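Worksheet: one structure, shown below.
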Amino acid sequence: MATTYSITRDQIILSALRKLGAVEPADTADTIDENIVTNCAQALNLMVKQWMTEGIKLWTVGEVSFALQEDKTLYTCGPAALGCDVVTDRPLRILQAWIRNTVLDPNIDIPLNIISRQEYNVLGSKFSTGTTNSIWLNPGPNTSQVKLFLTPDTTAVATFRVYMVVQQPIDDISAADSVPDFPNEWMQALVWGLADQLALEYGLPVNHRQEVLMKAEKYRELLVDWDIENESVFFVPDIRATQRAWR
């Protein structure tokens, strides 16, 4: 029994246009104007880029690791074509980070403090060397920067490797036969979301646009509520703040 049913970019576009009554049920991507497909593909990609900012999607979470370099504090993460230190999809957020002692057998992991820009900025000597204990991510449009504190020394480089669990961007939906970088459970939400994006362009009456909007919001909210980890979350005090207050 198969469980992998999905649809391509052009199938999403056609389904969204059918919801708007803009094409006939028998139409295909080859029978409608090429400019219409191009404009709909643009709207679909812009919508997906917006969705990337609306919470962390579980399937976009991945693990990235990289070797330390002596006296190097800043590491760029992104495509190989841009000459990045860490070749990977551009990280948007760091969810977890640790250094792994690869000399010991078995290896030992030591958590890193994930700090904010403000916390990094107020650190004392940012180029003090030693074993890294903190990490900060500065995401950019094409690459992201990872900054470490302390700056790795000779011993740290020989002993540790950095690991990060990160949120990564969703792939562009470029080709007609591209299957979106979404689990198949999200296809209905993509169809109705695109229909909502196109409704105004296609001059739908207000009451019809409202119905499409309600459908789009319903399917997206159901998926956002479902696409979460089921494990418990525990909150503990930040002892760094407590220690600073005692000084």
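Because the structure is predicted, anything quoted here is derived from the model rather than measured.
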- If we ignore angles and hydrogens, is there a donor and acceptor under 3.5 Å between the side chains of T143 and T76? no
- Indicate the atoms forming the closest heavy-atom contact of L68 with A156, along with that distance. CD1-O, 3.7 Å
- Note on the structure: Correct closest heavy-atom pair for H208 and K19 would be NE2-O, 3.6 Å
- Item | Side-chain (R90) to main-chain (G140) donor-acceptor, under 3.5 angstrom | yes
- Message: Tell me whether the count of non-hydrogen atoms from other residues, nucleotides or ligands lying under 6.0 Å of CD in E54 goes above 12.
- Response: yes
- Evaluate the side chain to side chain donor-acceptor pair (under 3.5 Å) criterion for residues E70 and T154: first the C-alpha distance (whole Å), next the side-chain angles of each, then the deciding distance (0.1 Å), finally the verdict. CA-CA 6 Å; E70 188 172 355; T154 303; 2.6 Å; yes
- Message: To check you understand the geometry: which heavy-atom pair defines the closest contact between L123 and K126, and what is its length?
- Response: O-NZ, 3.3 Å
- Donor-acceptor pair, side chain of S15 and main chain of Q11, under 3.5 angstrom: no
- Backbone of I36 reached by a side-chain donor or acceptor of N39 within 3.5 Å: no
- Task: Grab the two heavy atoms, one from A195 and one from V212, that are nearest each other, plus how far apart they are.
- Result: C-CG1, 3.7 Å
- Message: Is it the case that the side chain of E217 and the backbone of M214 share a donor-acceptor pair, with hydrogens and angles ignored and the cut-off at 3.5 Å?
- Response: no
- Task: Report yes if the side chains of T151 and S128 come closer than 4.5 Å at any heavy-atom pair, otherwise no.
- Result: no
- Is the ring centre of Y75 less than 6.0 Å from the ring centre of F66? yes
- Query: Is there side-chain contact between V86 and C84, with heavy atoms separated by less than 4.5 Å?
  - Reply: no
- Considering the options I115, I135, L112, V165, which one meets the side chain to side chain contact (heavy atoms under 4.5 Å, CB included) requirement together with I94? I135
- Message: Within the structure provided, determine whether F160 and T131 are in side-chain contact (heavy-atom separation under 4.5 Å).
- Response: yes
- Message: With a 4.5 Å cut-off on side-chain heavy atoms, are L14 and I32 touching?
- Response: yes
- Would you say the side-chain atoms of R161 pair up with the backbone N or O of N101, donor to acceptor, closer than 3.5 Å? no
- Query: When you check the gap from the basic side-chain N to the acidic O, do K72 and D85 get nearer than 4.0 Å?
  - Reply: yes
- Task: State, yes or no, whether a side-chain contact exists between Y163 and V64 at a heavy-atom distance under 4.5 Å.
- Result: no
- Please check if the side chain of D33 supplies one atom and the backbone of N35 the other of a donor-acceptor pair under 3.5 Å. yes
- Considering non-hydrogen atoms only, spot the tightest contact between A41 and R9 and give its length. CB-NH1, 3.8 Å
- Message: Just so I know, are the side chains of E24 and D27 near enough to count as touching, which here means a heavy-atom distance under 4.5 Å?
- Response: yes
- Query: Are the side chain of T132 and the backbone N or O of I99 linked by a donor-acceptor pair below 3.5 Å?
  - Reply: no
- Message: One thing to verify: whether K49 and D172 come together as a salt bridge, which I'm taking to mean a side-chain N less than 4.0 angstrom from a carboxylate O.
- Response: yes
- Message: Any side-chain to backbone donor/acceptor pair from R209 onto L204? Under 3.5 Å, distance only.
- Response: yes
- Smallest separation among heavy atoms of P152 and V157, with atom names: CB-CG2, 4.0 Å
- Query: Less than 4.5 Å apart, any side-chain heavy atom of L92 and any of M52?
  - Reply: yes
- Query: Do T73 side-chain atoms and L148 backbone N/O form a donor-acceptor pair below 3.5 Å?
  - Reply: no
- Find out whether M164 and L95 are in side-chain contact, i.e. whether some heavy atom of one side chain is under 4.5 Å from a heavy atom of the other. no
For residues 177-193, dump all side-chain donor-acceptor pairs below 3.5 Å to protein atoms at least two apart in sequence or in another chain.
from, atom 1, to, atom 2, distance (Å)
S178, OG, A175, N, 3.0
S178, OG, A175, O, 3.2
D181, OD2, D171, N, 3.3
N184, ND2, T3, O, 3.0
N184, ND2, Y5, O, 3.4

- Would you say T60's side chain and K57's backbone share a donor-acceptor pair under 3.5 angstrom? yes
